[in-house]
Every structure is written in C-alpha cells, then in structure tokens.
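Below is one structure, written out as structure tokens; comments come after it.
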Amino acid sequence: FLYPVKIHVNERVKGMFHVSTASKANFAATLAEERLKEAEALSAQGRLNAEVRADLQARFEQHVMAQQDHEQKLKEVGDLDSASEANIRLEAVINAHQKILTRLRTRDVEKGYEKKAHEIRRLIDAVGGSLEEVVSGKTEIESEVSARAEIGARASAEGKMKAAKKKIEEVERFVERRKDRLDAEAGLEAKAQLKASQEAFAEGQAELRAEAYGSAFSSFQEAQSQAQEAKTLIETQQKLDLETRQELNVRARHDADIQ
C-alpha cells in the first residue's frame with residue numbers, strides 16, 4: 001500500500017527540489033540506489049519473485065538513463081567537474097550493490113533456493129549492463145579533460161585531487177567509527193576498496209608531478225569512486241543485516257502467537 005505512494009508521490013515531490021542539472025543527476029542516482037536496496041531487502045526476506053524483480057529492474061534502468069541524460073547535459077556545457085562527480089556517485093552505487101547482490105545470490109545457491117538465485121542473477125546481469133554504460137561515460141569525461149589546454153587540464157586534475165583526498169579521509173573516519181560493527185566479509189571488502197583508493201590516489205599524485213594531467217585526473221577519479229564504493233558497501237550491508245534481523249524477529253513473534 002505504501003510503496004506506490006513512495007515512488008509516485010514522495011519521490012516526485014522530492015525531485016521538484018532538485019533544480020540544477022548536477023542536482024538532478026545525483027538525485028537520479030539516489031533513486032537508482034533505492035530500487036537496488038529494495039530488491040536486496042526483498043531478496044533477503046525471500047520475497048523477490050519474478051514480477052517484483054522485473055518491476056524494480058525496469059525502474060532502476062529508468063533512473064540510470066535519467067542520470068546519464070543529466071550527465072550528458074553537464075558535459076555538453078563543459079561542466080566536466082560536475083559530470084565527473086555525478087558519474088562517480090552512480091558508479092560507486094552500482095559497484096557496491098552488485099557485490100551485495102552477488103553475495104545474496106551465493107547464499108541462495110548454497111541453500112538450494114534456485115528460483116530466488118535465478119531472479120537475483122537476472123538483476124545482477126541488468127546492473128552489470130548499466131555499469132558498462134556508466135564506465136563508458138567516465139572514459140568520455142577523462143578524454144575530454146585530456147583534450148583540454150594544459151592550464152585547464154591541470155586545474156581539473158588538481159580539483160579532482162582535492163575531492164578525492166576529502167572523500168578518502170571521510171571514508172577512513174567512517175570505517176574507523178564502524179569497525180566494531182562490521183562483519184568479517186564486509187569489513188575485509190571495504191578495507192580492500194579503501195586500500196585500492198589510496199593506491200590510485202598515490203598514482204594520481206605521481207602523474208600530476210609528471211604533468212600527465214589527463215592520467216592524473218583519471219587516477220583521482222578512480223580513487224574517489226573506490227572510496228565512495230567502500231562507504232556505500234558498509235552502509236548498505238549493515239542496513240540490510242538490520243532489516244533482515246528485524247524481519248526474522250517479526251516472523252518469530254508471529255509464529256509464537258499462532259502456537
């Protein structure tokens with residue numbers, strides 16, 4: 001009953017407050033992530049059937065297309081920094097949720113839940129297809145930065161370095177605060193993502209010193225994306241675990257009342 005209200009009314013109203021193209025792009029990425037979170041929660045609860053999966057998948061793809069339209073408009077007016085930020089946000093979301101969906105599917109396969117595993121597999125394939133489009137957009141942004149005059153390319157690289165440094169430091173603090181609440185698998189995966197981010201940042205610094213500004217921009221963009229993915233992975237997995245425990249508790253109380 002509440003779901004149509006959420007997507008047809010609440011989200012539409014929220015969308016009215018996003019006026020700038022950059023803001024619209026980020027909001028579209030947020031909506032795409034919401035659809036994946038819903039699919040994950042339903043899967044964890046054993047309620048992701050073919051009809052629901054197809055609906056969430058179609059909505060997810062619509063949000064991704066909307067984000068890419070806004071991102072393209074940013075590129076057309078030369079706002080590559082905002083286009084890059086929007087791209088990073090969506091890439092991190094897709095990468096993180098692809099890992100979580102894969103983890104859920106693996107558990108279903110191990111338990112012999114073939115139908116559930118099949119539906120998640122179809123969603124993973126769709127998410128992977130969208131990721132290819134996002135990565136293509138990122139490559140296009142990097143090419144345009146490389147094609148800029150030296151002064152412009154250097155400014156873009158230095159700006160991206162600052163953004164990546166800020167994001168890495170933010171995620172380092174985030175991981176430190178939550179380290180005691182992370183399960184082993186999520187913790188190791190997030191730390192690996194953060195390490196990859198730090199390595200990409202160091203590579204970007206070396207390229208910046210060598211005046212390879214296009215390459216430096218690309219490395220800093222990758223560093224920022226990897227760090228954001230680590231944070232998204234932790235946030236989503238912890239929220240999913242909490243919702244799953246709550247659902248199991250509700251079912252247990254319901255079964256106890258029946259008995």
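We count residues from 1, following the sequence as given.
Connection of Val134 to Leu233 is established within a shared hydrophobic cluster, with ILVMFWY side chains joined at heavy-atom distances below 4.5 Å, either directly or through further cluster members. Leu208 and Ile141 fall into different hydrophobic clusters, where Ile, Leu, Val, Met, Phe, Trp and Tyr residues are linked whenever their side-chain heavy atoms come under 4.5 Å apart, directly or through other members. At a threshold of 4.5 Å between side-chain heavy atoms, the hydrophobic network of Ile, Leu, Val, Met, Phe, Trp and Tyr places Leu131 and Leu90 in one connected group. Linking ILVMFWY side-chain heavy atoms closer than 4.5 Å, directly or via other members, places Ile94 and Leu56 in a single hydrophobic cluster. Taken together through direct or relayed side-chain contacts under 4.5 Å among Ile, Leu, Val, Met, Phe, Trp and Tyr, Val109 and Ile124 form parts of separate hydrophobic clusters.
Residue pairs meeting the ring-ring contact (aromatic ring centres under 6.0 Å, His included) criterion with at least one partner in residues 147-193, sequence neighbours excluded, are absent. Applying the side-chain hydrogen bond (donor to acceptor under 3.5 Å, both in side chains) test to residues at least two apart or on different chains, the pairs with a partner in residues 77-87 are Glu71-Asn87, Asp79-Ser82, Ser84-Lys160, Ser84-Gln221, Glu85-Lys160, Glu85-Gln224. For residues 196-223, every residue pair satisfying the ring-ring contact (aromatic ring centres under 6.0 Å, His included) rule, not counting sequence neighbours, is listed here: Phe201-Phe220. For residues 55-109, there are no ring-ring contact (aromatic ring centres under 6.0 Å, His included) pairs, not counting sequence neighbours. Sorted by first and then second residue, the ring-ring contact (aromatic ring centres under 6.0 Å, His included) pairs involving residues 118-141 (not counting sequence neighbours) form an empty list.
Two residues are said to be in side-chain contact when any heavy atoms from C-beta on lie closer than 4.5 Å; Glu176 and Arg173 fail this criterion. Annotation: side chain of Leu104 is in contact with side chain of Leu240 (closest heavy-atom distance under 4.5 Å). With a 4.5 Å cut-off on side-chain heavy atoms, Lys75 and Leu80 count as touching.
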Table please: side-chain donor-acceptor pairs of residues 144-153 below 3.5 Å, with sequence neighbours left out.
from   : atom 1 : to     : atom 2 : distance (Å)
Ser146 : OG     : Glu142 : O      : 3.0
Arg148 : NH1    : Ser156 : OG     : 2.4
Arg148 : NH2    : Gly78  : O      : 3.1

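With sequence neighbours left out, Ser23 forms a side-chain hydrogen bond (donor to acceptor under 3.5 Å, both in side chains) with His18. Under the salt bridge (Lys or Arg N to Asp or Glu O under 4.0 Å) criterion, Arg53 pairs with Glu119, sequence neighbours left out. Here Arg178 pairs with Gln238 under the side-chain hydrogen bond (donor to acceptor under 3.5 Å, both in side chains) rule; sequence neighbours left out. Taking Arg154 as the reference, Glu158 meet the side-chain hydrogen bond (donor to acceptor under 3.5 Å, both in side chains) condition, with sequence neighbours excluded. Residues passing the side-chain hydrogen bond (donor to acceptor under 3.5 Å, both in side chains) test with Lys167, sequence neighbours excluded: Glu170, Gln228. Residues meeting the salt bridge (Lys or Arg N to Asp or Glu O under 4.0 Å) test with Lys138, sequence neighbours left out: Glu91, Glu222.
Here Lys73 does not pair with Glu76 in a salt bridge; the nearest charged N to carboxylate O distance is not below 4.0 Å. In this structure, Asp55 pairs ionically with Arg59, as a charged nitrogen and a carboxylate oxygen lie closer than 4.0 Å.
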I'd like to know whether Arg35 forms a side-chain hydrogen bond (donor to acceptor under 3.5 Å, both in side chains) with Gln62, so could you lay out the CA-CA distance, the side-chain angles of the two residues, the decisive distance to 0.1 Å, and finally the verdict.
CA-CA 10 Å; Arg35 302 295 84 84; Gln62 288 171 3; over 6 Å; no
List the steps, then state whether salt bridge (Lys or Arg N to Asp or Glu O under 4.0 Å) holds for Glu110 with Arg107.
CA-CA 5 Å; Glu110 291 173 348; Arg107 292 176 185 176; over 6 Å; no
Could you walk me through whether Glu203 and Glu199 pass the side chain to side chain contact (heavy atoms under 4.5 Å, CB included) test, one step at a time?
CA-CA 6 Å; Glu203 185 175 346; Glu199 291 173 349; over 6 Å; no
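Atoms CG and CD, from Leu36 and Gln57 in turn, are 10.0 Å apart once rounded to the nearest 0.5 Å. Distance check, rounded to the nearest 0.5 Å: CD of Glu40 to NZ of Lys239 gives 10.0 Å. How far CG of Leu123 is from CD of Gln98: 9.5 Å, rounded to the nearest 0.5 Å. Put simply, CD1 on Ile100 and CD1 on Ile120 are 12.0 Å apart, with the number rounded to the nearest 0.5 Å. One finds the CG atom of Leu101 at 11.0 Å from the CG atom of Asp125 (value rounded to the nearest 0.5 Å). To the nearest 0.5 Å, atoms OG (Ser225) and CD (Gln193) are separated by 8.5 Å.
Side-chain N/O atoms of Arg89 and Gln67 include no donor and acceptor closer than 3.5 Å. With hydrogens and angles left out, the side-chain atoms of Gln198 and Glu172 include a donor and acceptor closer than 3.5 Å.
The main-chain N or O of Ala39 is never found under 3.5 Å from a side-chain atom of Ser43 such that the two would form a donor-acceptor pair.
When Lys116, Arg121, Lys115 are each tested for a salt bridge (Lys or Arg N to Asp or Glu O under 4.0 Å) with Asp108, only one passes: Lys116.
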